[in-house]
Engineer: 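So that we are looking at the same thing, I have put the structure below in structure tokens.
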Amino acid sequence: MISHRDSNAQRIAALDERAEALKLKRGMGIADARAMHPSIDVVEADAEADRRLLEGLADWCDRYTPLVAIDGEDGLFLDVTGCTHLFGGERAMQDEILTRFFQQGFDVRAGLASTPGAAWAAARFHGDRIVAGGEEEALLSPLPLSALRIAPETRISLESVGLRTAGAVMAAPRAPLARRFGATLLLRLDQALGRLDEAVSPRLPVAPLSVERHLAEPVVLTDDIERLVSRLAVALKSDLERRGEGARALALLLFRVDGAVSRIAVGTSRPLREPTLIRRLFHERLAALEQDIDAGFGFDLVRLSVLSVAAFDMLQGDLTGETDDDDADIALFADRIRARLGEAAVLKPVVVESHLPERAVAIVPFAEAPQRRMPPNRSGRSAPPMTIYPPERPVRLFRSPEPIEVPATEMPEGPPMNFRWRRALYRVARAEGPERIAAEWWRKLPGEEEAPTRDYYRIEDSEGRRYWLYRQGLYGASQTSPRWFMHGVFA
């Protein structure tokens with residue numbers, strides 16, 4: 001028997017068949033139950049563990065339909081529209097689900113109907129029933145009010161006026177019911193009877209493309225799984241080619257015979273549909289997760305799903321069948337590293353629209369970096385990119401500029417003659433500049449002072465070392481004197 005705390009009292013939350021035979025019921029106080037039967041065993045409820053178990057069962061039910069939703073604390077909704085014929089029909093499918101749950105040690109009840117409300121009532125009040133279309137009213141009529149999935153307060157109010165079954169509510173005038181008990185009562189009734197549609201919101205997004213293989217003999221070895229991935233990827237390739245798309249994210253689902261499900265996802269930096277390349281990505285991912293994947297007694301169902309797609313650009317090959325896409329090998333290498341070590345293993349600098357040096361480049365994951373594309377010219381062919389020579393920047397740019405001391409300059413707006421940085425004095429031999437960079441006025445908030453102007457200089461000291469430093473502010477522009485900072489080194 002399982003207990004939980006309700007209104008500062010321990011009450012029965014769930015009980016097994018032996019406890020039910022002792023006339024114990026849900027909601028009864030634990031003190032009263034112990035007074036009746038001192039030898040009963042009581043276990044404190046663990047809501048988080050129950051939630052994880054229910055989510056695991058929902059994952060396992062993905063083998064029957066991708067539209068699986070969690071219903072409350074102890075139920076699942078499966079939208080099996082268009083899926084029953086794959087398992088031999090409605091009765092065969094329901095019997096298989098009940099049998100497999102029983103073999104896993106679960107005592108479950110199932111109901112199948114054309115509406116979620118009727119299926120919910122059939123499962124909870126009959127246990128194993130298939131309701132044909134048009135029989136919803138006959139199913140609900142003799143059932144208590146709780147079969148309508150209404151709030152306890154509404155149920156108590158209905159019982160107080162003599163309406164104790166769903167059939168009594170259906171026979172009563174609708175207008176007085178709506179005025180006294182609210183519109184939710186009639187909404188639940190119409191949904192159960194099929195007069196209004198009720199959508200089942202799946203807990204996971206539905207993949208646009210999926211292929212799977214049911215196995216007569218469960219597989220355990222990683223090599224066998226990789227071979228299955230290759231075969232499934234071949235089946236996916238034709239579908240992707242027909243749609244003119246490539247996969248950007250894929251997921252491999254491994255359904256274990258005892259109900260556990262392993263989800264393995266990989267991402268690609270470019271649209272992909274070649275089976276060999278897909279197998280390489282999953283080879284790296286399986287190698288990284290080898291210690292975390294427990295095959296148990298084996299996997300009897302393997303599914304490969306495409307989670308997201310993108311347009312696939314065809315490239316013209318030469319007589320040898322090779323293309324001039326030099327970035328393809330780099331992208332594949334980065335994808336394999338990310339599959340083994342994680343998304344943050346490969347980063348790429350990306351140019352940002354900002355003329356401030358510390359904002360001009362951002363480090364992003366390789367898959368999120370924009371791809372290079374050559375714009376087409378007037379003839380329709382891809383034109384070569386225009387050559388642009390950006391200002392010279394140091395090899396190493398400091399994350400935060402470091403203050404330096406400049407005792408003297410050649411002139412008020414000129415470069416320093418020497419400077420002190422990190423307690424060492426450097427004498428300037430040559431200097432180039434200035435390169436003036438003003439503040440980004442469009443980023444300034446109302447009431448905020450505008451950042452001072454920067455004058456950058458490329459400095460070479462007496463020993464040949466080169467630095468990149470700047471003066472913040474202008475002489476005479478404000479009461480405060482300009483400050484000098486070291487922002488990077490060239491060599």
Side-chain angles (χ1 to χ4, degrees), residues 327 330 346-366 368-375 383-491:
D327 294 337
I330 298 177
V346 182
L347 304 177
K348 184 177 181 180
V350 177
V351 178
V352 180
E353 293 183 353
S354 175
H355 56 260
L356 294 181
E358 61 269 23
R359 294 179 182 171
V361 177
I363 305 298
V364 300
F366 188 87
E368 299 178 8
Q371 302 295 327
R372 291 193 308 172
R373 294 183 181 272
M374 291 190 297
M386 182 182 298
T387 303
I388 300 177
Y389 298 96
E392 186 178 1
R393 293 292 181 258
V395 176
R396 180 187 176 191
L397 188 71
F398 297 155
R399 185 182 300 271
S400 299
E402 299 182 8
I404 60 176
E405 299 178 9
V406 177
T409 60
E410 296 181 359
M411 54 183 176
E413 301 294 337
M417 299 176 62
N418 53 66
F419 62 91
R420 186 178 298 276
W421 176 47
R422 295 180 179 178
R423 300 182 180 180
L425 182 63
Y426 298 86
R427 300 192 179 277
V428 177
R430 297 178 181 85
E432 295 180 358
E435 177 189 348
R436 178 160 294 180
I437 298 179
E440 297 178 336
W441 55 267
W442 56 90
R443 291 178 177 268
K444 187 174 72 69
L445 298 176
E448 183 181 7
E449 295 185 2
E450 186 173 349
T453 301
R454 300 180 184 180
D455 281 351
Y456 279 87
Y457 293 90
R458 292 184 292 274
I459 301 296
E460 182 178 330
D461 66 4
S462 56
E463 297 182 4
R465 295 185 291 261
R466 302 183 66 201
Y467 308 92
W468 201 46
L469 49 85
Y470 69 90
R471 182 186 66 248
Q472 180 175 284
L474 301 174
Y475 288 100
S478 62
Q479 297 181 355
T480 59
S481 300
R483 301 175 61 192
W484 289 84
F485 293 88
M486 178 72 67
H487 206 162
V489 294
F490 287 93

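A quick note: this is a predicted structure, and the numbers were derived from the prediction, not measured. The first residue of the sequence shown is numbered 1, and numbering continues consecutively from there.
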Engineer: Side chains of P394 and V489: closer than 4.5 Å at any heavy-atom pair?
Structural biologist: no
Engineer: Atom CG of L469 and atom CD1 of I404: how far apart are they, to the nearest 0.5 Å?
Structural biologist: 4.5 Å
Engineer: Has R466 got more than 12 heavy atoms of other residues, nucleotides or ligands less than 6.0 Å from its CZ?
Structural biologist: yes
Engineer: Between atom CG of L474 and atom CG of D455, what is the distance when rounded to the nearest 0.5 Å?
Structural biologist: 6.0 Å
Engineer: Atom CZ of residue position R465 - does it have more than 12 heavy atoms of other residues, nucleotides or ligands inside 6.0 Å?
Structural biologist: yes
Engineer: Between R427 and E463, does any NZ, NE, NH1 or NH2 come within less than 4.0 Å of an OD or OE carboxylate oxygen?
Structural biologist: no
Engineer: Shortest non-hydrogen contact from P357 to L397?
Structural biologist: O-CD2, 3.7 Å
Engineer: Output the distance between atom CZ (R420) and atom CD (E405), rounded to the nearest 0.5 Å.
Structural biologist: 6.0 Å
Engineer: Do F419 and Y467 have ring centroids that are under 6.0 Å from one another?
Structural biologist: yes
Engineer: Is it true that atom CZ of R443 has more than 12 heavy atoms of other residues, nucleotides or ligands lying nearer than 6.0 Å?
Structural biologist: yes
Engineer: Rounded at 0.5 Å granularity, tell me how far CZ in R471 sits from OG1 in T453.
Structural biologist: 9.5 Å
Engineer: How many angstroms lie between CZ in R458 and CD in E435, if you round to the nearest 0.5 Å?
Structural biologist: 6.5 Å
Engineer: Please evaluate residues Y426 and W421 with respect to the criterion side-chain contact (heavy atoms from CB on, under 4.5 Å), reporting the C-alpha separation (whole Å), side-chain torsions for both, the decisive distance (0.1 Å), and the verdict.
Structural biologist: CA-CA 8 Å; Y426 298 86; W421 176 47; 4.0 Å; yes
Engineer: Looking at every non-hydrogen atom in both residues, tell me the closest pair between V428 and P416 and how far apart they are.
Structural biologist: CG2-O, 3.4 Å
Engineer: Can you tell me which residue among Y456, W442, W441 is in a ring-ring contact (aromatic ring centres under 6.0 Å, His included) with H355?
Structural biologist: W442
Engineer: Identify the two heavy atoms, one from I459 and one from A431, that lie closest to each other, and give their separation to 0.1 Å.
Structural biologist: CD1-CB, 3.5 Å
Engineer: So do H487 and R454 actually touch side chain to side chain, heavy atoms under 4.5 Å?
Structural biologist: yes
Engineer: How long is the span from the CZ atom in F490 to the CD atom in E460, to the nearest 0.5 Å?
Structural biologist: 11.0 Å
Engineer: Under the side-chain contact (heavy atoms from CB on, under 4.5 Å) rule, what do Y470 and M486 come out as? Steps first, then yes or no, please.
Structural biologist: CA-CA 7 Å; Y470 69 90; M486 178 72 67; over 6 Å; no
Engineer: Check the pair F485, F398 against side-chain contact (heavy atoms from CB on, under 4.5 Å), reporting the backbone distance first and the verdict last.
Structural biologist: CA-CA 11 Å; F485 293 88; F398 297 155; over 6 Å; no
Engineer: Does the side chain of V350 reach to within under 4.5 Å of the side chain of V361, using non-hydrogen atoms?
Structural biologist: no
Engineer: Quick check: closest heavy atoms across A451 and A439, and the distance to 0.1 Å?
Structural biologist: O-CB, 3.3 Å
Engineer: Start with the C-alpha gap between R359 and E440, add the side-chain angles, then the distance that decides, and say whether salt bridge (charged side-chain N to carboxylate O under 4.0 Å, His left out) holds.
Structural biologist: CA-CA 11 Å; R359 294 179 182 171; E440 297 178 336; 2.8 Å; yes
